[in-house]
Amino acid sequence: AATLDAGTANVTAGSTGSSFGHVGATGAAVDLAAATPVLDNISATSLTTHTGAAGSVTQTGGQAISATTTDLHAGTGGVTLVAGNTIATYGANTTGAASFTNAGAIELGNVSAGSLAVNSNSGGANGSVTQAAGTDLTVATGATSIAAGTGAITVGSNASTLHSFGATGGAVSVTTQ
């Protein structure tokens, strides 16, 4: 396990061949690269990850990520973030599955994934799921599933592509090509 603390400075660590496993960090822009990083407590303005072709980005349960934006790049292993985070905009780029869970609202940024699961209803929170202006969803081969309890769902853009879509929520609005 590694813990990187740069205070308010930027953190750039690792390579896609690195094998540090669990990693926690504090910094402004945090950019982590490893074969399959496991995210522990992270506090950053922005969080970016990179993995190898078969890599995944996962999060340890009970750990929290606090970031304005995430841009999580993973290989075929996908991206999985669990509840307990304070992330303003969730973004990912993976050929695998992307999964975001939170006990409250989730705003999606640019997300490109093999499949996408979003749950903003962890613990019965009924959080809304929205799409950040100027961003797109691309889920070309798998299902997109969004669970928002009674929260509203407004996702997609005129440039978004979804293979299939299912949702549980209050008012649901989806925009695609």
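What you see is a predicted model, and the numbers here were worked out from it, not measured in a lab.
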Please check if the side chain of [X] supplies one atom and the backbone of [Y] the other of a donor-acceptor pair under 3.5 Å.
{"X": "S160", "Y": "L137", "answer": "yes"}
{"X": "S115", "Y": "G142", "answer": "no"}
{"X": "T94", "Y": "G96", "answer": "yes"}
{"X": "N110", "Y": "D136", "answer": "yes"}
{"X": "S56", "Y": "V79", "answer": "no"}
{"X": "Q131", "Y": "E107", "answer": "no"}
{"X": "N41", "Y": "A64", "answer": "yes"}
{"X": "T144", "Y": "L116", "answer": "no"}
{"X": "D71", "Y": "G91", "answer": "no"}

4.5 Å side-chain heavy-atom contact, [X] and [Y]:
{"X": "T58", "Y": "T36", "value": "no"}
{"X": "L4", "Y": "V30", "value": "no"}
{"X": "N158", "Y": "T175", "value": "yes"}
{"X": "F165", "Y": "I146", "value": "yes"}
{"X": "N102", "Y": "I87", "value": "no"}
{"X": "T168", "Y": "N121", "value": "no"}

In Å and rounded to the nearest 0.5 Å, what is the [atom1] to [atom2] distance from [X] to [Y]?
{"X": "I153", "Y": "S120", "atom1": "CD1", "atom2": "OG", "result": "7.0 Å"}
{"X": "S46", "Y": "N10", "atom1": "OG", "atom2": "CG", "result": "7.5 Å"}
{"X": "F20", "Y": "T3", "atom1": "CZ", "atom2": "OG1", "result": "11.0 Å"}
{"X": "L72", "Y": "T49", "atom1": "CG", "atom2": "OG1", "result": "4.0 Å"}
{"X": "I65", "Y": "L81", "atom1": "CD1", "atom2": "CG", "result": "5.0 Å"}
{"X": "L32", "Y": "H73", "atom1": "CG", "atom2": "NE2", "result": "12.5 Å"}

Please report the closest heavy-atom contact between [X] and [Y], naming both atoms and the distance.
{"X": "A132", "Y": "G109", "result": "CB-CA, 4.4 Å"}
{"X": "L39", "Y": "Q63", "result": "O-CB, 4.4 Å"}
{"X": "S122", "Y": "A83", "result": "OG-CB, 3.6 Å"}
{"X": "A148", "Y": "G169", "result": "CB-CA, 4.3 Å"}
{"X": "A54", "Y": "T76", "result": "CA-OG1, 3.4 Å"}
{"X": "T51", "Y": "T16", "result": "O-CG2, 3.4 Å"}

- Steps toward side-chain contact (heavy atoms from CB on, under 4.5 Å) verdict (H163, T141): CA-CA 6 Å; H163 182 260; T141 58; 5.5 Å; no
- T48/D31 under side-chain hydrogen bond (donor to acceptor under 3.5 Å, both in side chains): CA gap, chis, key distance, verdict: CA-CA 5 Å; T48 303; D31 190 335; 5.1 Å; no
- Might you work through the side-chain contact (heavy atoms from CB on, under 4.5 Å) test for V155 and V118, ending with a clear yes or no? CA-CA 11 Å; V155 295; V118 177; over 6 Å; no
- Task: Would you kindly confirm whether V38 and I42 end up in one hydrophobic cluster when ILVMFWY residues are joined by side chain heavy atoms under 4.5 Å apart?
- Result: no
- Take F100 and L108 through the test side-chain contact (heavy atoms from CB on, under 4.5 Å) and record every step on the way to the result. CA-CA 9 Å; F100 306 127; L108 298 172; 3.9 Å; yes
- Task: Go through T176 and T161 one step at a time and tell me if the side-chain contact (heavy atoms from CB on, under 4.5 Å) criterion holds.
- Result: CA-CA 6 Å; T176 60; T161 304; over 6 Å; no
- Task: Decide whether T101 and N119 meet the rule of one side-chain donor and one side-chain acceptor closer than 3.5 Å.
- Result: no
- Message: Could you work out, with side chain to side chain donor-acceptor pair (under 3.5 Å) as the rule, every residue matching N85, not counting sequence neighbours?
- Response: Q59
